[in-house]
Every structure is written in C-alpha cells, then in structure tokens.
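First up is the structure itself, then whatever we jot down about it.
Just so we're clear, the structure is a prediction, and the values are computed from it rather than from any experiment. Proteins get letters first, then strands, A, B, ... in listed order; numbering begins at 1 in each.
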There are 2 protein chains.
Amino acid sequence: MPTIRDVANRARVSIKTVSRVINDSPMVRESTKERVLKAMKELDYHPNALARSLVTKETRIIGLIIADVTNPYFPELIRGVEDVANDSGYNVFLCNTDENPEKELIYIKLLREKQVDGIILSGSRTSCDQLNPTLTSGIPLVFINRRVKGNKVGMVMLDNFGTAYTAVEYLVSLGHKNIGYLGGSTLGQSNMERKNGFIQAMVDRGLPYHKLIAEGHPGKKGGYNRTLELLDTNRPLSAIFAYDDMLAIGAIEACRERSLSVPEDISIIGFDDIDLAAHIAPRLTTFSVPKYEMGRVAANMLLNMLGKKEFEKEIVYIPKLTIRDSCCQVN
Amino acid sequence: MPTIRDVANRARVSIKTVSRVINDSPMVRESTKERVLKAMKELDYHPNALARSLVTKETRIIGLIIADVTNPYFPELIRGVEDVANDSGYNVFLCNTDENPEKELIYIKLLREKQVDGIILSGSRTSCDQLNPTLTSGIPLVFINRRVKGNKVGMVMLDNFGTAYTAVEYLVSLGHKNIGYLGGSTLGQSNMERKNGFIQAMVDRGLPYHKLIAEGHPGKKGGYNRTLELLDTNRPLSAIFAYDDMLAIGAIEACRERSLSVPEDISIIGFDDIDLAAHIAPRLTTFSVPKYEMGRVAANMLLNMLGKKEFEKEIVYIPKLTIRDSCCQVN
DNA sequence: CTGTTAGCGCTTTCAA
DNA sequence: TTGAAAGCGCTAACAG
C-alpha cells in the first residue's frame, strides 16, 4: 500500500502538498496539482482514512443499530439512513441486536471504539442506566421509536399510544367488543405505549381487556404461538390488534389452525404496513408507517448534529390507517 | 475522550502496561491489572480502534456490497454475513449500489480508504477492467454469484445455468412449449447464465425462444412492465421463467392486468424463494436459494482468507425446485 | 513483570 | 505557493 510519502517522492513535492491536493485546497499551483494527481493514479494510491481520522477526530462513519434486517420492517428504514449517509460521504455500520440488550450494549461499545461519529438506534432495548455513560459521553445519538432525554439526542417517533387508540376505535366502530392485544417485546417502549393506548381505549368504552393481552416473542412464529394461547384461554375473541404486521400474520395462521376464518370469524389489524401485508390472504388491514422517510429523517438529524446545525430534537409521525380485508363488521 | 495515557496516569503505570491489559496479555500482575481496569471504568475509557488499526494494519471491518436491502433477497444474506462477522468481533459496512457500477466503484474506493480488511460483493456489476486495480491490490474479496479470477478471491456461486435448464425441463414436463424468459440486469453475470441455461434447454428441445426474452429493470415494477411487453408482442405464451421472484410477482400482476389467470392461462416460475413467494396468491413455484447460508459461507471464506487459513476458493449451491401453485399442466 | 522509545499515515501550526 | 516538524492514540521491539 503506497502512502502519502510515496506519492510525494514520486511527484517531487512535500507530503504537505500531497495532503493539500487530497483535500483539494486551492493553495496549490495547477501544474503541481496535476503532477501529484498523476503520481497518485500511477501508484493506485488511496489515502488512509484511519490516519486522517486519527487527527481530524471524525470518521464519517455512523452506526445503525436495529433488531434484525430480516424483519421486513427494517430494510426500508436502513435504506433511508444509507441513502442520506452516502450522499454526505458517510458509511454505515449495520448492527443486528435481535432485541437483546446485551448485544446492543456490546455493539455500542464496539462502535464507540471504532470512533463512529454518531449512532442511530431503532427500538433500543437497553435500560437507561446502561445507556447513561454513552449518553453523557457526548456522542450524538438518534433514537427511532424511543424517547430518551439527553443533550445530544434526537428522536424520530411514532404516535404509538394514539395509533393503538385509533385501532380500538376502528374495531369498535365495526361492532367489536372482545378485543385482544397481541404485544411485542416487553422491553420495548413502543410496546408499552401501544399497550397503554389499547387499554385506555378499552377502558374509555367500558370494555374488558384483562387477560386479552399477550406479549411475547417477535415475528410470525411468536405471533402464531401467542395467538394460539389467546384463542385457547379466553372467551371467544372477535378481534385482535397486533403490535406489528409479522405478529399479525402469525395470528392469521394461528386462526387458520383453529379453523377460524379471518375476517369472518375474527378480525385482525396490524401495524407497520410491510410489503407482505398487501400480498397475503386476506390482505392485512394495518397502519402505514413511513419507514424510508423515518430512516432519512433520522440520518439527517444525526448529520445536522454532527454539522452543529440547528435541528428539531423530536419528530413524531402518525401512522395512517390502511383498510384492507382483514377486518370486518361483526353481527 | 480519555486516552490510554489518562488511564496510565490514574493507575500509576506506564501506557504499555495499560496496552497490555487492553489486549489482555498474561504478562501483567493480577493486582496491577485490577488497578488498570478500575481506572478504565472510572474514566469510561474506550480504546481508540483507529489508533490501534493504524499500527496493526487490521480494522476488523468488512464491507458488504449489495444491490438493495429493500430487495427481499438480501436481508437473509446480510444476516448471514453479519452473524459470522460479529462472532469474530468484526463490523460490517453495508453498501447499496442499486446495480449501478459507478456506485459500486465509489463504494469500493470508500471502503479501501477506510482500510476494511476485506469485501464481500453480491452480484457485482462492474467490469473486470474497473475491478482490476482492486483485484491486484491484494485486498481479500469474496464474490457472491459472480465468477472472477484472482489470487485472493473467493466465490460463492449458484448453479444458474443448470437451474434455468431445470426450470425449462419442469415447464416442458407440464406440457408447455411457448415459454418466455423474463430477465434481470443485462450487466449481471447471473442473468447471462440463467438466460443461457434457458436458451440451451429450449434449443435442446427444438423449441422456439427468440423474441421471448425480455431483460430490464429490476423489481416488481420492472417485471410488471416487461411482462406486459412480452404479453403484447408475442404469440400467446403459456409459461414464463423469471430471473427472480420479484420479477415473477410483477409478472403475475401484469397477467392479472391482461385478464390472464395464473396458473390456468399462464404458468409462472420464479427464482430465490423469498418470503413473499409463499404468501402471495397464487403461491409461487420457484427455486429455493440458501440465502442465509450463503451469507455465512461468504463471511467465513473471507475470515479464513484474513486468518491465512486454507479455504475452498469456490462453493456452488444448487437451488431446489419448490413446487407451489403458480405452474400447472397445460391442455 | 514493567517502562522507554519509535513510528503507523495523516493533518496542522508555523515559517519560508 | 510550498515545506518542516510536531503530534493524533495506539502497539512493537527492546531493555530493565
């Protein structure tokens, strides 16, 4: 690997001059510049970003911590982050935590050691205590779907409570009374908020909700298993509000397993509007979340913090009810 | 940010001793080690990986270049890479190229500057010429689904030709004679191979294939548009073999648009077996590709190269025909 | 077991 | 417009 010194020798200039053309400073005579450029090409020289970063204190790397790429919720979000990061010459580290706080902490440690300029965390599951050293370390952080107080902290939020409330309203408007909540991770703030919105809406209408809450493992499989429990241990349900679409899809399969047809026997409503939602049978009624947009906004927020520009500390999106075929009028 | 020097001062040892405990060398008295560890904790010290890498010449970062996370083919592959990388303490840079050779080249440049230890490229689209400097630079490369000769090069391949051939055989066994090929990117080697397999199989059976080949833009939309063309400009087709599942799904929509029902009027077979394939209506007959496994294998190959261990330079997977509901007997 | 010194490849004063 | 020297935070010999 050729170094800046090799280029300098070959071009018969000092290393400082080479440095100047790398960072294209205007203080270089055109002819000199060309000589240097030529030498760089001939040597297939690539400036060492490590050495540069060591002195400039910026790596142009951002960390992106998510639960699992394989969950269809994330790819678009990732793409949003990557697109704006790339436009500004940043690279992104992708980190899958499987909603495991320990893994998350390990990643945060790794990212800090690698001196990333900032971190975006989607659905962080670590406790505030564990997060605290990082929070006070001054490294810019953007949380997606988690509210955290701190100086250099941005938040891209969803109105979880309100949306859950809306879900119940919609189901009730269809005549449903026995509604179950199929929850996500108990560690997640967003699950808490959606659950509370659900409960509040039920309480406001004097509807019973206890024992209808199942929280558990994520994904289609988790949804399947939890729904089976819900179905087997509770008075006949007529509707289920699921924490996310994958859970909802698992729920649909569980209903099929118990010979209940959706939506005739039981209505199911999801959350996220992933690609699959529009393609399964029955097509899933759900709440659309602007995943790509949120990724972009989170990355922009982070970049603004890095550039010491002004920025909104918090942006809240309101998911839009997207009615398809998995819910219907009862009686 | 505290440095190794701060820790040394606080623990009243030399920086070398701190360095020893960081890399946990055994040559440190237990009591000293504890003192150092304590100082590190109190300072919330994180070793600067940049400085370390500058001298050790390894970053424990690998680059992963793909077309688009948003294409359901990739998340599992990414996860496979990430899982084995992470197990060995590596981070991965995710790079989306949209099958654009220029973007790919820019990313390669960026990755080399950041001194990544190796790069995995899935479906690389750059020409050999453009790739050459990188190939000869000695940085370990693993290609997924592209054959490239080079010293430090590994390949994780699919039997594209054979699978395409099998697809035609299957369709012919169902009685089909007018079969179209719905192709992927003309820049991609894998598209070339699948097309050739398709052509060979048709020729071997004395079946006409000309004008039935459409190659174009990727994704559902590309599949939709291309299929419309295919349908409108050719003698009645009875079957389509698509380069990938997303294209196939677009094709299904195009058929619906032309009031052709699948599989009664036209059979469609895909490639990849993405999650969606089993969920759409009709459930897609396709070839299953071990995406997660391939990601793992690619990452392991790369890690072996980095560790100077022996390794298979090339592994070939044979996709498995997965029969579902999108193809049926004709006449 | 522990410390001193040099240097990784770059940028940054400060001079020339 | 160009260059010399110092230093970013760490590891690697080599002494002690």
Any pair counted as ring-ring contact (aromatic ring centres under 6.0 Å, His included), so long as it reaches residues 66-120 of chain B, sequence neighbours left out: F93(A)-F93(B)
Please report, rounded to the nearest Å, how far the P atom of dG7(C) is from the CD1 atom of I4(A). 18 Å
Separation of R52(A) atom CZ from dG9(C) atom C1', in whole Å? 11 Å
Show your working on side chain to side chain contact (heavy atoms under 4.5 Å, CB included) between I65(B) and E104(B) and close with a plain yes or no. CA-CA 7 Å; I65(B) 296 183; E104(B) 185 177 334; 4.3 Å; yes
State, to 0.1 Å, how close L50(B) and T59(A) come at their nearest heavy-atom pair, and which atoms those are. CD2-CG2, 3.6 Å
Quick one, V142(A) and V297(A) - any side-chain contact, counting heavy atoms below 4.5 Å? no
Across all chains, not counting sequence neighbours, the side-chain hydrogen bond (donor to acceptor under 3.5 Å, both in side chains) partners of T3(B) are none
CG/D117(A) to CG/L306(A) distance, rounded to the nearest 0.5 angstrom? 5.5 Å
Only pairs at least two apart or in different chains count here, so list each salt bridge (Lys or Arg N to Asp or Glu O under 4.0 Å) that has a residue in residues 131-147 of chain B. R147(B)-E314(B)
With sequence neighbours excluded, what pairs up with K103(A) under the salt bridge (Lys or Arg N to Asp or Glu O under 4.0 Å) test? D98(A)
Please give the angle, rounded to 10 degrees, between the axes at the start and the end of the helix from dC1(C)-dG16(D) to dA16(C)-dT1(D), where five pairs define each axis. 30°
Sequence neighbours excluded, which residues qualify as side-chain hydrogen bond (donor to acceptor under 3.5 Å, both in side chains) partners of E113(B)? K109(B)
Hey, is D83(B) close enough to R79(B) for a salt bridge, meaning N to O under 4.0 Å? yes
If you walk 5' to 3' along DNA chain D, what is the first nucleotide with an atom under 4.0 Å of a heavy atom in chain A, and what is the last? dT1(D) to dG9(D)
For K114(B) and dC10(C), give me the distance from atom NZ to atom C1', rounded to whole Å. 15 Å
Could you state the CD-P distance from E58(B) to dC8(C), rounded to the nearest angstrom? 18 Å
Return the residues of residues 28-36 of chain B meeting this criterion: a heavy atom under 4.0 Å from some atom of DNA chain D. Order them by number, or give none. none
From CE of M40(A) across to P of dC10(C) the rounded distance in Å is 11 Å
State the CG-CZ distance between N48(A) and R112(B), to the nearest 0.5 angstrom. 12.0 Å
Between I62(A) and V116(A), is there a side-chain heavy-atom distance shorter than 4.5 Å? no
For nucleotides 14-16 of chain C, print each protein N/O atom paired with a nucleotide N/O atom at under 3.5 Å, atom names and distance only.
none

With rounding to the nearest 0.5 Å, note down the distance linking CG in L187(A) to OG in S124(A). 10.0 Å
Hits for salt bridge (Lys or Arg N to Asp or Glu O under 4.0 Å) against E99(A), two or more places apart or cross-chain, chain-then-number order -> R125(A)
Which residues in residues 5-19 of chain A have at least one heavy atom lying under 4.0 Å from any atom of DNA chain D? V13(A), S14(A), K16(A), T17(A)
Which residues pass the side-chain hydrogen bond (donor to acceptor under 3.5 Å, both in side chains) test with N96(A), sequence neighbours left out? E82(B)
Is the closest basic N to carboxylate O distance between E42(B) and K38(B) below 4.0 Å? yes
Which whole-number value in Å describes the distance from N48(B) CG to dC8(C) P? 18 Å
